[in-house]
Student: 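Pasting in a structure now, in structure tokens, and then I'll have a few things to ask.
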Amino acid sequence: QVQLVESGGGLVQPGGSLRLSCVVSGSIFSINRMGWYRQAPGKQRELVATVYGGSNKMYADSVKGRFTISRDNAKNTLSLQMNTLKPEDTAVYYCNLRTGTRDYWGQGTQVTVSS
């Protein structure tokens, strides 16, 4: 019963910040990577940031320098610090966990950047 639960979304003005959290529960023995995806209205779901290999991180070009992904193993939590938010960051953000056999997804949390 693996579960991923996102939180921290909301409404923020351009230039503002939000911190998203994803709490993981259940038994997982092998994690290849964890990451954040987002899906804006009318667009395909896209990869925003990932953590892999224990310490490696990758970011989409659109968020480099503004977003920071982190993983707290002790708290079973994946976080995404989002700074200098732009209207184009508006989307539903999903937490993703990839094992050797399948992907697990959270329910998503809405981020709206608007003045």
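Remember, predicted model here, so these are calculated numbers, not experimental data.
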Student: To the nearest 0.5 Å, what is the distance between CD on Glu88 and OG on Ser62?
Tutor: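 These two atoms lie 8.5 Å from each other.
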Student: State, with a plain yes or no, whether a side-chain heavy atom of Thr77 is found less than 4.5 Å away from one of Ser79.
Tutor: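 Sidechains of Ser79 and Thr77: in contact.
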Student: For the CG atom of Asn96 and the CZ atom of Arg33, what is their distance to the nearest 0.5 Å?
Tutor: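 Those atoms lie 6.5 Å apart.
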Student: Please report the interatomic distance CD(Gln110) to OH(Tyr93), rounded to the nearest 0.5 Å.
Tutor: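 Going from CD on Gln110 over to OH on Tyr93, the span is 9.5 Å.
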Student: Check whether Arg98 reaches the backbone of Asn32 with its side chain - one donor and one acceptor, N or O, closer than 3.5 Å.
Tutor: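 Here the side-chain-to-backbone pair does not exist.
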Student: Is any side-chain heavy atom of Thr99 closer than 4.5 Å to a side-chain heavy atom of Ile28?
Tutor: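 With C-beta onward as the side chain, the pair touches.
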Student: If every non-hydrogen atom of Thr109 is compared with every non-hydrogen atom of Gly9, which pair is closest and at what distance?
Tutor: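 Heavy atoms only, the tightest pair is OG1-N, 3.2 Å.
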Student: Hey, could you give me the OG/CG distance between Ser21 and Leu78, rounded to the nearest 0.5 Å?
Tutor: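 Result: 8.5 Å between the selected atoms.
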Student: Can you measure from CG (Asn56) to CD1 (Ile69) and round to the nearest 0.5 angstrom?
Tutor: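 Going from CG on Asn56 over to CD1 on Ile69, the span is 12.0 Å.
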Student: Any salt bridge linking Asp89 with Lys86? Criterion: basic side-chain nitrogen under 4.0 Å from a carboxylate oxygen.
Tutor: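 Salt bridge absent between Asp89 and Lys86.
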Student: Would Tyr104 and Val48 show up in the same hydrophobic cluster when neighbours are defined by side-chain heavy atoms closer than 4.5 Å?
Tutor: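 Cluster IDs for Tyr104 and Val48 match.
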Student: Counting only N and O atoms by type, is there a donor-acceptor contact under 3.5 Å from the side chain of Gln107 to the main-chain atoms of Glu6?
Tutor: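 Side chain of Gln107 to backbone of Glu6: a pair is present.
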Student: Side chains of Leu85 and Phe67: closer than 4.5 Å at any heavy-atom pair?
Tutor: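 A side-chain contact exists here, since the closest heavy-atom pair is under 4.5 Å.
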Student: Please check if atom NZ in Lys75 has more than 12 non-hydrogen atoms from other residues, nucleotides or ligands closer than 6.0 Å.
Tutor: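 No, NZ of Lys75 has 12 or fewer neighbouring heavy atoms, counting only those of other groups under 6.0 Å.
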Student: Test of understanding: clusters of I, L, V, M, F, W, Y form through side-chain heavy atoms closer than 4.5 Å, transitively. Do Tyr94 and Met58 belong to the same one?
Tutor: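 Yes, Tyr94 connects to Met58 through the hydrophobic network.
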Student: Flag yes if Val113 and Val63 sit in one hydrophobic cluster, no otherwise; membership is Ile, Leu, Val, Met, Phe, Trp, Tyr, and two members link when side-chain heavy atoms are under 4.5 Å apart.
Tutor: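 Per the 4.5 Å side-chain linkage, Val113 and Val63 are co-clustered.
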Student: Give me each pair satisfying salt bridge (charged side-chain N to carboxylate O under 4.0 Å, His left out) with a member in residues 13-30, each pair once, sequence neighbours excluded.
Tutor: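 Listed by first then second residue: nothing to list.
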Student: Does Met82 belong to the same Ile/Leu/Val/Met/Phe/Trp/Tyr cluster as Val51, with side-chain heavy atoms less than 4.5 Å apart forming each link?
Tutor: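 Met82 and Val51: one cluster.
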Student: Is any side-chain heavy atom of Glu46 closer than 4.5 Å to one of Arg38?
Tutor: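 Yes, at least one pair of side-chain atoms sits under 4.5 Å.
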Student: For residues Met34 and Val24, determine if any side-chain heavy atom of one lies less than 4.5 Å from a side-chain heavy atom of the other.
Tutor: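 In short, these two side chains touch, coming nearer than 4.5 Å.
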Student: Flag the pair Tyr52 / Ile31 as yes when at least one side-chain heavy-atom distance between them is below 4.5 Å, and no otherwise.
Tutor: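 Side-chain contact under 4.5 Å: no.
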Student: Could you report the tightest heavy-atom contact between Ser17 and Asn83, atom names first, then the distance?
Tutor: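 The pair with the smallest heavy-atom distance is OG-OD1, 2.9 Å.
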Student: Closest heavy-atom contact between Val2 and Ser27?
Tutor: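 The answer is CG2-O, 3.8 Å.
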Student: Can you tell me how far CG of Leu20 sits from CH2 of Trp36, rounded to the nearest 0.5 angstrom?
Tutor: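 If we round to the nearest 0.5 Å, Trp36:CH2 and Leu20:CG are 4.5 Å apart.
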Student: How close do Tyr59 and Ala49 get, heavy atom to heavy atom, and via which atoms?
Tutor: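 Closest approach of Tyr59 to Ala49, heavy atoms only: CD2-CB, 3.6 Å.
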Student: With side chains defined as the heavy atoms from C-beta onward, is the minimum distance between Arg45 and Trp105 less than 4.5 Å?
Tutor: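 A side-chain contact exists here, since the closest heavy-atom pair is under 4.5 Å.
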